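Each residue takes its place number in the sequence, starting with 1. Note that the structure is a prediction, hence the values are computed from the model and not measured.
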Amino acid sequence: MLTLGIDIGSTTSKVVVLDAVGEVVESKIIPTGASPASTGEALIAEFSGKHSIAKVYSTGYGRSLIACADKSLTEITCHAVGVNYLHPTAIGVIDIGGQDSKAIHLAPDGSVLDFAMNDKCAAGTGSFLDNIARKFDISYPAMLEYYEHSDKRVNINSTCVVFAESEIIGLLANGESMENIFKGVLRAIAMRINRLYSQVKLSASTEIYFTGGVAQNAAIQKALCEELKADITVDPYAQLMGALGAAVLARRDL
């Protein structure tokens with residue numbers, strides 16, 4: 001009796017398959033592309049062809065587009081359940097996806113006590129970071145190098161990616177180093193996340209897990225640790241956490 005969780009994100013789509021004892025049988029991450037529904041249906045067909053799937057639960061921004069799913073769930077619920085499944089003592093979750101950012105306060109059983117979400121502006125999300133990286137031809141590993149070699153804090157005040165680009169160009173024209181500028185960009189994102197985190201009344205001593213695709217960026221993790229003055233852990237399943245949570249909930253409903 002296998003269950004499948006599928007997370008249709010704005011940038012990538014993720015699948016996790018669990019077996020009868022709750023072990024991960026297989027997982028996959030692919031670009032979502034222009035048609036989230038087609039991508040999701042193709043992924044489910046691929047895994048259904050290899051495994052006998054008893055239930056399919058969907059999550060992510062495109063969850064409602066997956067017609068063959070038995071149930072759709074919010075990514076907040078699924079990330080909370082996924083983190084709790086792997087780390088039962090976790091209390092805090094920071095999830096940064098392509099289009100939104102979230103801070104989640106967990107109950108001991110993995111249910112959501114409170115959450116705060118930034119979904120009205122791209123600033124502080126994966127798309128914001130990707131746009132800046134492409135514009136200035138900076139890779140994620142290079143961001144960490146820049147962050148660690150910065151010798152001055154530069155404030156990036158703009159929260160819109162277009163204005164942030166203009167602000168960065170202006171700083172470069174004034175002779176500011178790329179190291180200092182990118183540390184400023186990363187700290188600006190971390191400050192926005194910290195405001196979300198403060199809204200859900202979590203302390204720095206909380207056991208915090210960082211999920212979503214942006215969790216793969218070590219520079220953002222470092223900026224968050226410094227801004228929140230807390231230890232923030234990135235699990236190997238960070239990008240798959242929503243799909244994992246969906247698969248776990250499907251298994252519980254068998």
Side-chain angles (χ1 to χ4, degrees), residues 5-16 18 22 24 27-30 32 57-63 73-119 122 124-130 140 186 189-190 192-200 202 204 206-225 227-228 230-250:
I6 183 165
D7 178 359
I8 305 295
S10 60
T11 305
T12 60
S13 293
K14 289 77 67 177
V15 165
V16 170
L18 291 183
V24 175
S27 64
K28 190 172 186 176
I29 302 172
I30 65 169
T32 297
Y57 279 12
S58 63
T59 189
Y61 100 105
R63 62 187 179 275
L73 302 149
T74 71
E75 54 265 48
I76 292 167
T77 296
C78 290
H79 278 259
V81 168
V83 168
N84 176 262
Y85 187 71
L86 297 176
H87 307 283
T89 57
I91 296 297
V93 177
I94 293 170
D95 171 35
I96 304 180
Q99 297 296 329
D100 56 38
S101 305
K102 312 169 196 73
I104 309 169
H105 189 163
L106 304 185
D109 65 355
S111 60
V112 177
L113 286 178
D114 196 8
F115 73 92
M117 182 174 178
N118 167 36
D119 61 351
T125 68
S127 63
F128 175 85
L129 194 59
D130 287 345
Y140 276 11
L186 296 168
I189 293 172
R192 292 180 69 85
I193 301 302
N194 193 20
R195 286 196 286 272
L196 293 179
Y197 198 74
S198 299
Q199 289 176 39
V200 297
L202 286 163
T206 299
E207 186 177 345
I208 308 167
Y209 284 84
F210 186 11
T211 67
V214 179
Q216 312 301 319
N217 187 324
I220 283 289
Q221 181 189 10
K222 186 162 189 174
L224 285 170
C225 287
E227 185 64 33
L228 273 67
D231 292 327
I232 299 171
T233 303
V234 176
D235 185 272
Y237 279 93
Q239 193 170 3
L240 290 159
M241 202 62 75
L244 173 64
V248 169
L249 288 167

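Contact annotation: the side chain of Ile8 never approaches that of Arg63 to less than 4.5 Å [non-hydrogen atoms, C-beta and beyond]. Contact annotation: the side chain of Ile91 never approaches that of Ile208 to less than 4.5 Å [non-hydrogen atoms, C-beta and beyond]. Here the side chains of Met241 and Leu86 are in contact, with some heavy-atom distance below 4.5 Å. Side-chain contact between Leu249 and Thr77 is present, with heavy atoms from C-beta onward closer than 4.5 Å. In this structure the side chain of Ile76 reaches within 4.5 angstrom of the side chain of Met117, judged on heavy atoms. Residues Ile29 and Gln239 are in side-chain contact: their nearest non-hydrogen atoms beyond the backbone lie under 4.5 Å apart. Residues Val214 and Ile220 have side chains in contact (heavy-atom distance under 4.5 Å, counting atoms from C-beta outward).
Of the possible polar contacts, one joining the Ser198 side chain to the Asn194 backbone as a donor-acceptor pair under 3.5 Å is found. Here the side chain of Tyr85 pairs a donor or acceptor atom with the backbone of Gly22 at under 3.5 angstrom. Counting only distance, with no hydrogens or angles, the side chain of Thr11 and the backbone of Gly98 share no donor-acceptor pair below 3.5 Å.
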Step-by-step side chain to side chain contact (heavy atoms under 4.5 Å, CB included) determination, Tyr140 to Asp130: CA-CA 9 Å; Tyr140 276 11; Asp130 287 345; 2.5 Å; yes
Determine, stepwise, if the pair Thr12 / Thr32 fulfils side chain to side chain donor-acceptor pair (under 3.5 Å). CA-CA 5 Å; Thr12 60; Thr32 297; 5.5 Å; no
Run the side chain to side chain contact (heavy atoms under 4.5 Å, CB included) test on Leu224 and Leu186 for me, step by step, so that the C-alpha distance in whole Å, both residues' side-chain angles and the decisive distance to 0.1 Å come before the verdict. CA-CA 9 Å; Leu224 285 170; Leu186 296 168; over 6 Å; no
Given side chain to side chain contact (heavy atoms under 4.5 Å, CB included), test Val234 with Ile232 step by step and report yes or no. CA-CA 7 Å; Val234 176; Ile232 299 171; 5.5 Å; no
Would Asn118 and Asp100 count as a side chain to side chain contact (heavy atoms under 4.5 Å, CB included) here? Give the steps. CA-CA 6 Å; Asn118 167 36; Asp100 56 38; 5.9 Å; no
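Just one of Asn217, Thr233, Ile96, Ile193 meets the side chain to side chain contact (heavy atoms under 4.5 Å, CB included) condition when paired with Phe210; it is Ile96. When each of Thr211, Asn84, Ile94, Leu106 is tested with His79 by the rule side chain to side chain contact (heavy atoms under 4.5 Å, CB included), just one qualifies, namely Thr211.
When all heavy atoms are compared, the tightest approach of Ala80 to Val112 is CB-CG2, 3.7 Å. Scanning all heavy atoms of the two residues, the minimum distance from Ile6 to Ala246 falls at N-CB, 4.4 Å. Residues Ala116 and Val200 come closest through the heavy atom pair N-CG1, 3.4 Å. Across every non-hydrogen atom of Ala243 and Lys14, the tightest pair is CB-O, 3.7 Å.
Side chains of Asp7 and Tyr57: a donor-acceptor N/O pair is absent below 3.5 angstrom, by distance only.
Between the SG atom of Cys78 and the CG atom of Leu73 there is a distance of 4.5 Å, given to the nearest 0.5 Å. From Leu240, atom CG reaches atom OG of Ser27 across 5.0 Å, with rounding to the nearest 0.5 Å. Between the CD atom of Glu75 and the CG atom of Asp95 there is a distance of 7.5 Å, given to the nearest 0.5 Å. To the nearest 0.5 angstrom, His105 atom NE2 is 4.5 Å from Leu202 atom CG. For the atom pair Ser101 OG and Phe128 CZ, the distance stands at 10.5 Å (nearest 0.5 Å).
Remark: aromatic rings of His87 and Tyr209 are close, center separation under 6.0 Å.
The local environment of CZ in Phe115 is sparse, with at most 12 non-hydrogen atoms from other residues, nucleotides or ligands closer than 6.0 Å. Remark: Asp231 CG is loosely packed, at most 12 non-hydrogen atoms of other residues, nucleotides or ligands lying under 6.0 Å away. Counting heavy atoms of neighbouring residues, nucleotides and ligands inside a 6.0 Å radius, atom OH of Tyr237 does not exceed 12 of them.
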